[in-house]
Amino acid sequence: MIFLRSLVYQVLLAIIVVPYWVLVMCVAWLPRIPRWKIIAGWPRLAAWLAIYLLGIRYEVRGRENIPAEPVVILSKHSSAWETLAYSEIFPPHVYVMKRELMWLPFLGWGLALFSPIFINRADHRNAMRRTIELGKERLAQGFSIMIYPEGTRIAVGKRAKYKLGGAYVAVQTGARVLPVAHNAGLLWPRHSFLKYPGKVTVVIGEPIDSAGHTPEQLMRKVEDWIEGQVEFLVRAEREKNAA
């Protein structure tokens, strides 16, 4: 049953993506924020289908911590689920992405209209400069900036080095940082076709002022909070399943 549900889910997304891409092309002329809200309909639909086809529900703790002004959101990344559901959970935000994604047919063209910050990861110096420059621009346009500080999806129970890019952007722009933790990787593992029913818990921490911090200090504070929350969520879920 899990295999069949996962298969139907993937097929439906594949069917929907082309007509939705046509819609996205039709609204390309709109200002950035209204355009974002329309394009975000696709990941929101994917998250909605995950609830009713895959049985993956979610709970958000700390939603009241999301400030009115744009911030730098630093989140754990263990699944594809959060890239879909965050469009529903958070106000308009943009991602820092590798530029190769822009070249993907349909998906890449739609992403380019999502106002992301495309960077060349191989050119670290210019990538950081571009992230800060465009980060200031996006914040001024009303977007928060979503960054996965580990850089890629990390399997549940593991961690990678937290890169300082997000903290540099926050310090250079004066934006506050919003830390986010979750346990989505337990239900939607990375590189896995199978998705398992259950409830994802997303925890949003209190915003952290970047003023008075070095990027290293800021990221250390974010990392300690995120990893502590993830450890608690994963342990609680595994204890519940073992009971």
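Contact of the Leu233 side chain with the Glu237 side chain is not registered, since no non-hydrogen atoms from C-beta on lie closer than 4.5 Å. Side-chain contact between Ile2 and Pro197: present, with at least one pair of heavy atoms (C-beta onward) separated by less than 4.5 Å. Here the side chains of Ile145 and Leu139 are in contact, with some heavy-atom distance below 4.5 Å. Contact of the Arg220 side chain with the His213 side chain is not registered, since no non-hydrogen atoms from C-beta on lie closer than 4.5 Å. Side-chain contact between Thr83 and His77 is present, with heavy atoms from C-beta onward closer than 4.5 Å. Residues Ile51 and Arg57 form a side-chain contact, since some pair of their non-hydrogen atoms from C-beta on lies under 4.5 Å apart. Between Pro207 and Asn65, some side-chain heavy-atom pair lies under the 4.5 Å cut-off. Taking 4.5 Å as the limit, some side-chain heavy atom of Leu164 sits within range of a side-chain heavy atom of Glu216.
Under a 3.5 Å cut-off, the side chain of Arg61 and the backbone N or O of Thr201 do not form any donor-acceptor pair. With hydrogens and angles disregarded, a donor-acceptor distance shorter than 3.5 Å links the side chain of Arg130 to the backbone of Phe118. When atom types are taken as modelled, the side chain of Ser210 and the backbone of Ala170 share a donor-acceptor pair closer than 3.5 angstrom. Side-chain atoms of Thr173 do not come within 3.5 Å of backbone N or O of Lys136 as any donor-acceptor pair. Side chain of Arg190 to main chain of Arg153: a donor-acceptor pair is present (N/O by atom type, distance under 3.5 Å, no hydrogens or angles).
Atom CZ of residue Arg235 and atom CZ of residue Arg238 lie 11.0 Å apart, to the nearest 0.5 angstrom. A distance of 8.0 Å separates CD1 of Ile204 from CD of Glu64, quoted to the nearest 0.5 Å. The structure places OH of Tyr20 at 12.5 Å from CG of Leu13, a figure rounded to the nearest 0.5 Å. Between the OG atom of Ser6 and the CG atom of Leu53 there is a distance of 10.0 Å, given to the nearest 0.5 Å. Note that the CG atom of Asp224 and the OH atom of Tyr162 stand 9.0 Å from one another [nearest 0.5 Å]. Distance check: Leu4 CG to Leu194 CG gives 11.5 Å after rounding to the nearest 0.5 Å.
Closest non-hydrogen pair, Pro67 versus Arg176, comes out as CB-NH2, 3.4 Å. Residues Pro179 and Ile226 share a closest heavy-atom pair of CB-CG1, 4.2 Å. Closest non-hydrogen pair, Ala184 versus Trp81, comes out as CB-CE3, 3.7 Å. Residues Gly185 and Ser78 approach most closely at N-OG, 3.3 Å, considering heavy atoms. Of all heavy-atom pairs between Pro215 and Ala167, the closest is O-CB, 3.4 Å. Closest approach of Ala112 to Pro116, counting heavy atoms only: O-CD, 3.8 Å.
In terms of hydrophobic clustering, with Ile, Leu, Val, Met, Phe, Trp and Tyr side chains grouped at heavy-atom distances under 4.5 Å, Tyr95 and Tyr168 are assigned to a common cluster. When hydrophobic clusters are built by joining Ile, Leu, Val, Met, Phe, Trp and Tyr residues whose side-chain heavy atoms come closer than 4.5 Å, directly or via intermediates, Met1 is not grouped with Tyr196. No single ILVMFWY cluster, assembled from side-chain heavy atoms under 4.5 Å apart, contains both Ile73 and Ile154.
Within a 6.0 Å sphere centred on CZ of Phe193, other residues, nucleotides and ligands contribute more than 12 heavy atoms. For Glu206, the CD atom counts as loosely surrounded, since its 6.0 Å shell holds 12 or fewer non-hydrogen atoms of other residues, nucleotides or ligands.
Ring geometry, Tyr148 versus Tyr86: the interplanar angle falls from 30° to 60°, so the pair is classed tilted. Classification of the Phe90-His93 ring pair by plane angle, with boundaries at 30° and 60°, yields perpendicular. Using bins of under 30°, 30° to 60° and over 60° for the plane-to-plane angle, the ring pair Tyr9/Trp188 lands in the perpendicular bin.
When each of Glu223, Glu150, Glu231 is tested with Arg159 by the rule side chain to side chain donor-acceptor pair (under 3.5 Å), just one qualifies, namely Glu223.
Tyr58 and Glu88 form no side-chain donor-acceptor contact under 3.5 Å, judged by distance and modelled atom types alone.
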- Passes side-chain contact (heavy atoms from CB on, under 4.5 Å), Val71 versus Val177? Steps please. CA-CA 6 Å; Val71 292; Val177 166; over 6 Å; no

- Please assess Ile66 against Leu178 for the test side-chain contact (heavy atoms from CB on, under 4.5 Å), listing each intermediate value before the final yes or no. CA-CA 8 Å; Ile66 302 175; Leu178 193 68; 4.3 Å; yes

- Task: Could you please spell out the steps behind the side-chain contact (heavy atoms from CB on, under 4.5 Å) verdict for Leu187 and Val200?
- Result: CA-CA 8 Å; Leu187 305 179; Val200 174; 3.7 Å; yes

- Step by step, would you call Glu82 with Lys76 a salt bridge (charged side-chain N to carboxylate O under 4.0 Å, His left out)? CA-CA 9 Å; Glu82 57 268 20; Lys76 187 71 176 179; over 6 Å; no

- Query: Between Lys163 and Met128, is a side-chain contact (heavy atoms from CB on, under 4.5 Å) present by the stated rule, with each step listed?
  - Reply: CA-CA 11 Å; Lys163 300 175 178 61; Met128 178 58 65; over 6 Å; no

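Remark: aromatic rings of Phe114 and Trp42 are distant, center separation not under 6.0 Å.
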